[in-house]
Amino acid sequence: MNFDKLNAAQKEAALSIDGPLIIFAGAGTGKTRALTYRIANLIEKGIHPSAILGVTFTNKAANEMKSRVIELAGEYGQSVWISTFHSFCAAFLRIEAKNIALTPDFLIYDYADQINLIKDCIRELDIDEKKFKPAYFADKISRAKDALQEPESFEERSRRGDFNAAILAKIYRLYQSKLKLADALDFGDLIMQTVQALLAFPSILEKYQNKFEHILVDEYQDTNHAQYMLTKLLAAKHKRICVVGDDDQSIYSWRGADISNILDFEKDYPGAKRIKLEQNYRSTPKILNAAANVIKNNNSRITKRLWTQNDENGTVETLKANDEIDEALKVAMHILHAAQNNGNSFLDFAVFYRTNAQSRVFEDTFRRFGIPYTIVGALRFYDRAEIKTIMAYLKLIYNPNDNISFKRIINSPRRGIGKTSLQNLETLSIKKNLSMWDAIPFAKEAGITKSSVIALESFAQFIKSIIDIKDKADVLTICKRVISESGYLRELEVENTIESKERIENIKELITAIGDFLKRSPDKTLAGYLTQIALVNDVDEVQTDGGKATLMTLHLAKGLEFDNVFICGLEEGLFPIRDSSFNSKELEEERRLAYVGMTRARKNLYLCWATQRTLFGKRQYNSQSRFISEAGFKDEFAVRFFEDSLRQTKQFNNGSPKHFLKPNFYKKKTSIDYLPSDDEIIKDTVYEIVDNSPYKIGAFVKHSIFGKGKIIEKSGSGDELKLVVLFETGQWKKLLAKVAKLEML
DNA sequence: ACCGTCGCCATTTTT
DNA sequence: TGGCGACGGT
């Protein structure tokens, strides 16, 4: 094995294969390289590839790791089991189904299915829909599963006086019984039931413990309790577990990720080796410096210092705009200028924002200026109504007990089966403890009109005819039959609107996608397709080059990199988001999100904010985000924004049309009247923030009037140093350090 | 049964 | 602002 391409720390990570190992891998420090060399090294040392398990969070990461392992280790690499947590568990549950009292061909419910099922539960339990939103229950149930908690845990809480817990327990219970009836598992179930099976069946646990001599876990800071237990159980025998993560990039605690998993690893595995990867290969020193300045304001972190040998070029700049439209305009201008300087071809740019709602203005603006862009995650392909409908057909064929799918397609296309008929059928099915599909033969009893009964029966006939071929035919054949014979396509064709044409296009795209699936997948059945599809997402397919601007939320940006990055909406109340300001845990997570965003940039980083913004129909005046000043920018020192571009903008406006702009751009005269004003400010050198003050967060102080207290937050520096102090009395005060005359305790 | 309108509501992130 | 559910008219 040749380790020439590794630095010392990476090499150590690849070679330390005897016991537990934790790798703290900063952003852009080549952790995938270290991991893949580690796996290749294991294989070379004679470990059988199938005795190695690698777990990641995204398919993208899994695929990348797998292909790089194959590159290094050749054919042997094929047999290493590398997959996401969810697909690993789905595979496990199907393999072991018969041993653990589970149907092997269960469906996987996605978020939308979950919400629909919960809506049913809410209605059935007669809960005030105004007071409790489905999303509330979905969140609580998912978090419970992340923590391996059954409905009983809510009942306990309820006994202790938690008011909502009783209702939660009821919903959770009913939800589970409905899932069971539909033979479906949601995302949380995949992990939780795997853990439960391993705990309940020692022989199965032992089998897998023996099988996996080496376990590698990527993004360990994002694991929730259930995932933590899973890896812990599997690794318990050999204790040859290697986890990689970066506590500074933990941004999913709201989704159950438990940062203590990474912080406590060394307690769980005494004697574990610790390696830090700190050499960054991605960004310029300026970018790393700015990012470090931000993240060092967090308290609970394992200190590491990224450094780089990369050349000092590119910039870190701030961009101040008047409002969100102006912000988008300025970003667009910059992209256009960059394109001009690059022979009129667009470069690699990314625009990150905190909330999806912000994307709209960018889309509009980019479209207006003819800037090619892709938007990630807004409306996923598989979330589109027509795709969901076709998928619902496929799911129902696969599993007729799937009520959610049944209800989605029973009257789509219209078959004259209305609300009341459906209601009656559902009530009957609940009474008989049957799925709605199984209740069809009893439709007459349910008081359903004759015409509806006939429609139901002919629908059932159609579905049955396809069920008959579902194991023999491949998924493409089945899907084509569904599309043509269900009448759904015909309905769209008759509609003949712009919208319906678009839907038809999307359906064609689905056919193409299924065709691709057939080409690459060994399992070409409906079952194989549905399993795969439930566990993919849009980020898996993001391409970060090719001269397009990529629009996405900061959360989705993790793991990606771009030459040029705009982080937009850096305003107090938006980023960090409103509620986080007074909760240091949440604020720290926001800060990590900022850190993740900043460290995506290779060459140029722009921190953008707008003094006013229309949010939810209201005009808001925001102040610059603390993350901008933490990054090393001060309002007072601000210089003109894009000094260089200003000149170019003037030339641009006076000059001749550029061919890369769409024609309609020139018709809209107003749109090119843009000139940056003098107060558009920028400072392109990041300075190191030196904090010499004795006021550290967490320090105890005494105030002449308020008494003893603890510093919980601080901002600004020098004479401007502001502190938030929580006093013994329970009240907190914002104080200017210079004036407050605090005594240190 | 279906469609349009009204008014209310929340506004973070989703493997 | 816009997405969604309730309601009422056809």
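In what follows, chains carry the letters A, B, and so on, assigned in the order in which the sequence lines appear, proteins first and then strands, with residues in each chain numbered from 1.
- You can see that DNA chain C meets the heavy atoms of chain A within a 4.0 Å-exclusive cut from dT1(C) to dG5(C), reading 5' to 3'.
- An OP1 or OP2 oxygen of dT14(B) is reached within less than 4.0 angstrom by a side-chain nitrogen or oxygen of Thr553(A).
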Which is it for Phe352(A) and Phe566(A) under the ring-ring contact (aromatic ring centres under 6.0 Å, His included) test, yes or no, and what are the steps along the way?
CA-CA 6 Å; Phe352(A) 301 152; Phe566(A) 291 95; 9.7 Å; no
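- Here Thr355(A) does not reach the OP1 or OP2 of dT13(B): none of its side-chain N or O atoms lies under 4.0 Å away.
- The side-chain hydrogen bond (donor to acceptor under 3.5 Å, both in side chains) search around Asp222(A) returns Lys558(A), not counting sequence neighbours.
- Among the protein residues, Ser142(A) comes within range of no part of the nucleic acid, since none of its heavy atoms lies under 4.0 Å from any strand.
- Among residue pairs with one or both ends in residues 189-198 of chain A, those qualifying as salt bridge (Lys or Arg N to Asp or Glu O under 4.0 Å) are Lys145(A)-Asp189(A); sequence neighbours excluded.
- If you check dA1(B), dT13(B), dT15(B) against the side chain of His555(A), the one that comes closest is dT13(B).
- In this structure, Tyr252(A) does not count as stacked on the base of dT15(B) under the 5.5 Å centre distance and 30° plane angle limits.
- In this view, Ser250(A) satisfies the side-chain hydrogen bond (donor to acceptor under 3.5 Å, both in side chains) rule with no residue, not counting sequence neighbours.
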Heavy-atom protein contacts under 4.0 Å, nucleotides 3-10 of chain B, coded B base, S sugar-phosphate only, - none:
S------S
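- The phosphate of dT13(B) has OP1 or OP2 within less than 4.0 Å of a side-chain N or O from Asn356(A).
- Here Asn411(A) lies in heavy-atom contact (under 4.0 Å) with sugar-phosphate atoms only.
- Aromatic ring centres of Phe137(A) and Tyr175(A) lie farther apart than the 6.0 Å criterion allows.
- Taking the six-membered ring for Trp and the full ring otherwise, the centers of Tyr208(A) and Phe92(A) sit less than 6.0 Å from each other.
- Going from the P atom of dC4(C) to that of dT13(B) covers 14 Å, rounded to whole Å.
- With sequence neighbours excluded, the residues satisfying side-chain contact (heavy atoms from CB on, under 4.5 Å) with Leu174(A) are Cys121(A), Glu124(A), Leu125(A), Ser177(A), Lys178(A).
- Tyr595(A) does not carry Arg592(A) over the face of its six-membered ring by the limits of under 6.0 Å from the centre and within 45° of the normal.
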Stepwise, does the salt bridge (charged side-chain N to carboxylate O under 4.0 Å, His left out) test hold for Lys585(A) with Glu589(A)?
CA-CA 6 Å; Lys585(A) 274 224 164 86; Glu589(A) 181 141 321; over 6 Å; no
